[in-house]
Student: 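Take this structure, written in structure tokens, and hold onto it; I'll ask about it next.
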Amino acid sequence: MSLLTPLARVRGLGSANEGAHHWWMQRLTAVALVPLLIWFVASLAFLAGADYARITAWIGHPVVAVLLLLLVFALFYHLKLGMQVVIEDYVHGKFAKLVCLLGNSFGTILLGTACGYAVLEIAFGGS
Amino acid sequence: MDSANRPLSPHLQVYQPQLTSVLSILHRMTGVWLGVGTLVLAYWLIAAVMGPEAYGTAQDIIGSWLGLLFLFGWSYALFYHLCNGIRHLFWDAGYGYDLEVAARSGWAMVLFSIILTVLAWGLGIIAGGG
């Protein structure tokens, strides 16, 4: 039996101090990714063999660009959370785990930012 | 057993493989594999920013025999992870825990992921003109 009051238990948010935030964000991004990924894969299938002009025109279309930005954000957020759990489960040793977790956080944010920038540059830069 | 040395993760080697456990570990493996695939997504988008030449190179690499094979692998992994992810969301909502239901949803998920992969590539082949 816990000696903590219910309020303290809620405020403490567990050992990671974030409560169910990780769990919830993984589900939230998962739900968002279902329609976004079906749309993305179907679009790519329709665009199979398209040349540079057609692809950039597609990416730069306002509706497409917004959906791509949402996809990129949800995708890399979801990837970061998922890989974090895999690392926490399978990488043992404090230092190795820390390095992997940091690499995961920085890597996913770097890739996600690069993808988001690419979409914006095509949409606004008219390249 | 030394309490500091207890196993912290599921030890896959000591369990007899069964549908639910195999599908479960494949969910993780496809997730990690899709994580590798995001590198290609990033490369593709960055190549599109760099200009027609860089994009042409990317298209040649991705459109090569080996590139398409990898793309096929990623597409199946994506639909697997997507279909099984939906299965997970139902579990999260509290449904489908009966063993029979879990087995049936597992087979259904495998079937759906194959159908969606075939559908996507069929669409691509028709749109791309073969």
Side-chain angles (χ1 to χ4, degrees), chain A residues 23-24 26-27 29-31 33-38 40-53 55-56 58-60 68 71-72 75-76 78-83 85-92 104 107-108 110-123 125 127, chain B residues 5 7-10 12 27-32 34-56 58-59 62-63 68 71 74-75 78-79 81-86 88-89 91-93 116-117 119-130:
Chain A
W23 188 92
W24 178 246
Q26 198 170 26
R27 271 68 189 172
T29 49
V31 170
L33 283 168
V34 171
L36 286 169
L37 281 171
I38 290 172
F40 182 64
V41 174
S43 302
L44 285 189
F46 273 113
L47 287 163
D51 59 9
Y52 178 75
I55 284 288
T56 46
W58 179 73
I59 295 172
L68 281 177
L71 171 70
V72 165
L75 186 72
F76 285 99
H78 191 80
L79 176 63
K80 189 255 170 195
L81 297 174
M83 285 304 298
V85 176
V86 172
I87 291 164
E88 284 167 352
D89 277 356
Y90 299 123
V91 179
H92 305 302
N104 178 45
T108 47
L110 176 73
L111 277 181
T113 307
C115 288
Y117 167 78
V119 172
L120 289 174
E121 173 69 23
I122 292 169
S127 59
Chain B
N5 217 5
L8 296 171
S9 319
L12 301 170
H27 192 71
R28 278 204 162 179
M29 285 159 87
T30 51
V32 173
L34 287 167
V36 178
T38 60
L39 289 169
V40 179
L41 175 72
Y43 169 60
W44 179 72
L45 278 171
I46 291 163
V49 171
M50 303 285 276
E53 255 177 67
Y55 189 75
Q59 215 170 13
I62 297 168
L68 287 177
L71 207 59
W74 272 308
S75 69
L78 177 72
F79 283 125
H81 203 83
L82 191 118
C83 291
N84 203 41
I86 292 171
H88 266 282
L89 288 172
W91 284 330
D92 293 336
L116 287 172
T117 308
L119 214 65
W121 283 84
L123 241 161
I125 289 165
I126 293 167

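The sequence lines fix the lettering, A, B, ..., with proteins before strands; numbering per chain opens at 1.
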Student: Between B:Leu116 and chain A, with a heavy-atom cut-off of 4.5 Å, which part of the residue counts as in contact: side chain, backbone, both or neither?
Tutor: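 Neither part.
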Student: Kindly indicate whether the side chain of B:Leu78, heavy atoms from C-beta on, has any atom under 4.5 Å from the side chain of A:Phe40.
Tutor: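 With C-beta onward as the side chain, the pair stays apart.
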Student: Chain A: which of B:Gly35, B:Pro52, B:Gly51 shares the most heavy-atom pairs with it under 4.5 Å?
Tutor: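 With the most close heavy-atom pairs to chain A, the winner is B:Pro52.
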Student: Does any backbone or side-chain atom of B:Leu89 lie under 4.5 Å from a heavy atom of chain A? Answer side chain, backbone, both or neither.
Tutor: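 It is the side chain, since no backbone atom gets that close.
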Student: Please list, chain by chain and in numerical order, all residues satisfying side-chain contact (heavy atoms from CB on, under 4.5 Å) with B:Ser75, sequence neighbours excluded.
Tutor: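 Counting only residues at least two positions away or on another chain, B:Ser75 forms a side-chain contact (heavy atoms from CB on, under 4.5 Å) with B:Phe72, B:Thr117, B:Trp121.
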Student: Applying side-chain contact (heavy atoms from CB on, under 4.5 Å), name anything that partners A:Leu81, two or more places apart in sequence or on another chain.
Tutor: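 Applying side-chain contact (heavy atoms from CB on, under 4.5 Å) to A:Leu81 gives A:His22, A:Met25, A:Gln26, A:Tyr77, A:Gln84.
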Student: Heavy-atom cut-off 4.5 Å, strictly under: side chain, backbone, both or neither for B:Leu119 against chain A?
Tutor: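 Interface part for B:Leu119: neither.
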Student: Is chain B contacted by the side chain of A:Val34, its backbone, both, or neither, given a heavy-atom distance below 4.5 Å?
Tutor: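 For A:Val34, heavy atoms of backbone and side chain both lie under 4.5 Å from chain B.
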Student: If you look at every heavy atom in B:Ala48 and A:Thr56, which pair is closest and at what distance?
Tutor: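 Minimum heavy-atom separation between B:Ala48 and A:Thr56: O-CG2, 4.0 Å.
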Student: Between B:Leu123 and chain A, with a heavy-atom cut-off of 4.5 Å, which part of the residue counts as in contact: side chain, backbone, both or neither?
Tutor: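 Looking at B:Leu123, backbone and side chain both touch chain A.
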Student: Looking only at heavy atoms, what is the nearest atom pair of A:Phe46 and B:Ala127, with distance?
Tutor: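 Minimum heavy-atom separation between A:Phe46 and B:Ala127: O-CB, 3.4 Å.
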Student: Measuring from atom CD1 of A:Ile55 to atom CD of B:Gln59, what distance do you get when rounded to the nearest 0.5 angstrom?
Tutor: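 One finds 7.0 Å between CD1 of A:Ile55 and CD of B:Gln59.
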Student: Give, as side chain, backbone, both or neither, the part of B:Phe79 having an atom under 4.5 angstrom from any heavy atom of chain A.
Tutor: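 Interface part for B:Phe79: side chain.
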Student: B:Gly124 and A:Ala48: which non-hydrogen atoms are nearest, and at how many Å?
Tutor: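 Smallest heavy-atom distance, with atoms named: O-CB, 3.4 Å.
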Student: Heavy-atom distances under 4.5 Å only: say whether A:Ala53 touches chain B with side chain, backbone, both or neither.
Tutor: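 No part of A:Ala53 comes within 4.5 Å of chain B.
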Student: Might you point out which heavy atoms bring B:Leu45 and A:Ile122 nearest each other, and give the distance in Å?
Tutor: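 The pair with the smallest heavy-atom distance is O-CD1, 4.3 Å.
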Student: With side chains defined as the heavy atoms from C-beta onward, is the minimum distance between A:Ile38 and B:Leu82 less than 4.5 Å?
Tutor: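 Answer yes - side chains close enough.
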Student: May I ask you to check whether over 12 heavy atoms, not counting those of B:Trp91, lie within 6.0 Å of atom CH2?
Tutor: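 Atom CH2 in B:Trp91 is packed in, count exceeds 12.
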